[in-house]
Trainee: 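My questions will all concern the structure given below.
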Amino acid sequence: MKGSCWLPVTGMVICLLLCGCVVDLVLAQIRYSIPEELEHGAFVGNIAEDLGLDVAKLSARRFRIVSGAKRQYLEVNLENGILFVNEKIDREELCERRPSCFLHLQVVIENPLELYRVEVEILDVNDNSPSFPWSEFNLDITESAAPGSCFPLESAQDQDVGTNSLRSYQLSANAHFILNIQTRNDGSKFAELVLDTPLDREQQKKHEMVLTAFDGGSPERSGTALITVTVLDANDNVPVFDRSVYRASLVENAPRGTLVLKLNATDLDEGSNGEVTYAFSGHAPLKVRELFSVDPYTGEIRVKGVVDYEKSSVYELYVQAKDRGPSAVAVHSKVLVDILDVNDNAPEVILTSVSTPVQEDAPPGTVIAVISVMDRDSEENGNVDCQIPNNVPFQLHSSFKNYYTLVTSEFLDREAVSEYNITITARDLGSPSLSTRKTILVQVSDINDNPPRFSQPSYTVYVTENNAPGASICSVTAFDPDSNQNAYLSYSILEGQIQGMPVSTYVSINSDNGNIYALRSFDYEQLRNFQILVNVTVNVFVLDQNDNAPVIISPLPKNGTMATEVVPRSVDAGYLVTKITALDADAGQNSRLSYQLLQATDPGLFSVALYTGEIRTIRRLVEKDATRQRLVILVKDNGQPPLSGTVSIILTVVDSVPESLSDFGDLTLSPKPPSNLALYLIVSLSTISLIFLVAIIVLATISSAAKVPTNCMEANGNSSLSQSYCYKVCLTPESAKSDFMFLKPCSPSSTPRNNEAKSADNSWNAALPNPTSHNTHCVVHKAREGSHY
């Protein structure tokens, strides 16, 4: 441990010659010693160097000192780390007459938060001279006073302490008196005037002497007072106290007028010579006179001021008693008043440093605040315990006596609690206990620890096709429980492809508000749904619009002419002539087709099924019906507004099926037509059998030998309906039903395939029984896949 030395110079400003700064690193504590009365800017110590701190980082780490004093006596230069005197320090004002005087400082630095205790001892300099309460004292001493009699004198007062305080007294040369210097319990000194040789009033009535008080400082200071002794005629007896020393106890803060004790002195004389009066003796300190009073007649000592244990635990009262006779001589006694401490001071809570806000990811044990507590009471009354509520994520740790650090006990979550009002309760152990509460506001600063969350797990969006490019189709909304910049959201679409094209060519998103815009017009027939990823799945469904008219796929015109069909004249009502087949690329109701007869040569002859498109005869054909019937069929969807298409068909009414039968499409015979046809043939044959027997035989022979060509009809389109098939139907007069005997695909446009079909027919015909024996008529038609029969 280093010491500090200085050299005071009389008549000049006290200069400090720093021999060494006290740097006692015990429990992070540093101690310096400086004399009082230093001027502003005087060097105390290089505190940054002594603490091992980087001077360049003092400002960044918010280096500061905190003092419990009312004034900021010391300050730190953050540029060089030097602790200097900010305001002149008067030790006597700061610590009164306490033997030791310290300034207690706390050094606080942040990032990380560290605390150091600094004690600066204020050393006394001899800046006060001893002084007497009065410049002149008057003593009345009877001429009969015996040598050795003592007469207390007023004490000199010196505000300095230690060696600079009052050291001795000196009396000027005289013929009768000497000085007796006494020492009190507290170490202070007072003088008594002692009669050395008898007095003779007739020779000299008055004696004058100079009393000088010296301190122990260097250079020595002194103060003087004039003592005038008046010699009186004799008064035989003096009062006598019943005790040389009185002792009493008094509770601090006792009300004014409280009786401390009662003095008792007696005088054997009679009359006024025996009446005793009491008073403080001349060397009673002024402070005692302010706190206590002595009744001159009863000798009762009572409380006059506010007695505070924290200022002094014991008071010495010097009293005197003398009679009221002539040449009265005062006798003296001492009263010791012990002050009893009561718990009259509540603890004080001082926030030395508060680091707020604190980041929510601060690890447990992070120091939030440094707190000091003090209680001016003593013993148990001055012992203080600090507590905080249990329902907060903080703890109090005691690093030094009466010093606490508030630290985090767990990780914080700003999104759950953004700030804490922590009430610190400081309670002493006195009875009754006194407490003080102080609230610290700890704000929690945000870190980006929460990902954005969307208001729903996924979005489903319906967009009608043919939408306008650039129109908003939906909006996604996310929220982030973080705050400020950490809660600012920017929306973007993740990379992906839609039908082989980047998703960015289809949609875009407003990065600020999450609005999604279509960059093109969607076509339901090409793209029915797709997904967008914006950290959440957005399912986009394209809704159909009725933007496609029905397309007729059968029957189709050939060679630029209208489609034709052949209708036997002998068919009955309900005969299926053909079937209109159409497709609509739309969906739902927009693709639901209905058929109706728009125009007809004879509206009463044919009908069209509303939903199947089957064209059937309404009645039997008669001779007067035209052989060529033209039908215009309207095919309409169910959209809003509806779209439609038309097809024109020429129906040729024939008496029999010719070899050049044009495409019979989708012909299905009902169970009754084969039976009616057989009956019709039987009747006809019966009628002309006799007349044309030979002709019938020839006709039958020709019919059985004739090769009826297979007729194929192909509907061109993009669907599977373009596949063509050939089938043969065998009808017998005896049979009431139709049997499919052969089914195969064929292509009328391909000659080889036609030849293959013909060879197949020939082989099939050769396998049949003799037609003349069964009278069977075979007709070959082509059926398209998906047709109704």
Trainee: Going by the rule salt bridge (Lys or Arg N to Asp or Glu O under 4.0 Å), which residues pair with Arg62 if we only count those two or more places apart in sequence or in a different chain?
Mentor: Glu110
Trainee: Which pairs, with at least one residue in residues 159-180 and sequence neighbours excluded, count as a salt bridge (Lys or Arg N to Asp or Glu O under 4.0 Å)?
Mentor: Arg167-Glu220
Trainee: Partners of Thr197 by side chain to side chain contact (heavy atoms under 4.5 Å, CB included), sequence neighbours excluded?
Mentor: His176
Trainee: Return the set of residues passing side chain to side chain contact (heavy atoms under 4.5 Å, CB included) with Ser131 (not counting sequence neighbours), or none when no residue passes.
Mentor: none
Trainee: Can you sort out the partners of Phe63 under ring pair (Phe, Tyr, Trp, His ring centres under 6.0 Å), two or more places apart, ordered by chain and number?
Mentor: none
Trainee: Donor-acceptor check, side chain of Thr230 to backbone of Lys206, threshold 3.5 angstrom: yes or no?
Mentor: no
Trainee: Under the side chain to side chain contact (heavy atoms under 4.5 Å, CB included) rule, collect the residues that match up with Asn391, sequence neighbours excluded.
Mentor: Pro389
Trainee: Looking at Pro219, is its backbone amide N or carbonyl O close enough to the side chain of Asn126 to form a donor-acceptor pair, meaning the two atoms are under 3.5 Å apart?
Mentor: yes
Trainee: Output all residues satisfying disulfide bond (SG atoms under 2.5 Å apart) with Cys95, sequence neighbours left out; order by chain, then residue number.
Mentor: Cys101
Trainee: Excluding sequence neighbours, so at least two apart, what forms side chain to side chain contact (heavy atoms under 4.5 Å, CB included) with Asp338?
Mentor: Arg247, Ser249, Val314
Trainee: Please list, chain by chain and in numerical order, all residues satisfying salt bridge (Lys or Arg N to Asp or Glu O under 4.0 Å) with Arg256, sequence neighbours excluded.
Mentor: none
Trainee: So, for Asn345 and Asp428, which heavy atoms are closest and what is the spacing to 0.1 Å?
Mentor: O-OD2, 3.6 Å
Trainee: Partners of Glu275 by salt bridge (Lys or Arg N to Asp or Glu O under 4.0 Å), sequence neighbours excluded?
Mentor: Arg324
Trainee: Under the side-chain hydrogen bond (donor to acceptor under 3.5 Å, both in side chains) rule, what pairs show up with a residue in residues 298-307, not counting sequence neighbours?
Mentor: Asp295-Thr298, Glu300-Arg302
Trainee: With sequence neighbours left out, what residues match Glu119 under side chain to side chain donor-acceptor pair (under 3.5 Å)?
Mentor: Arg31
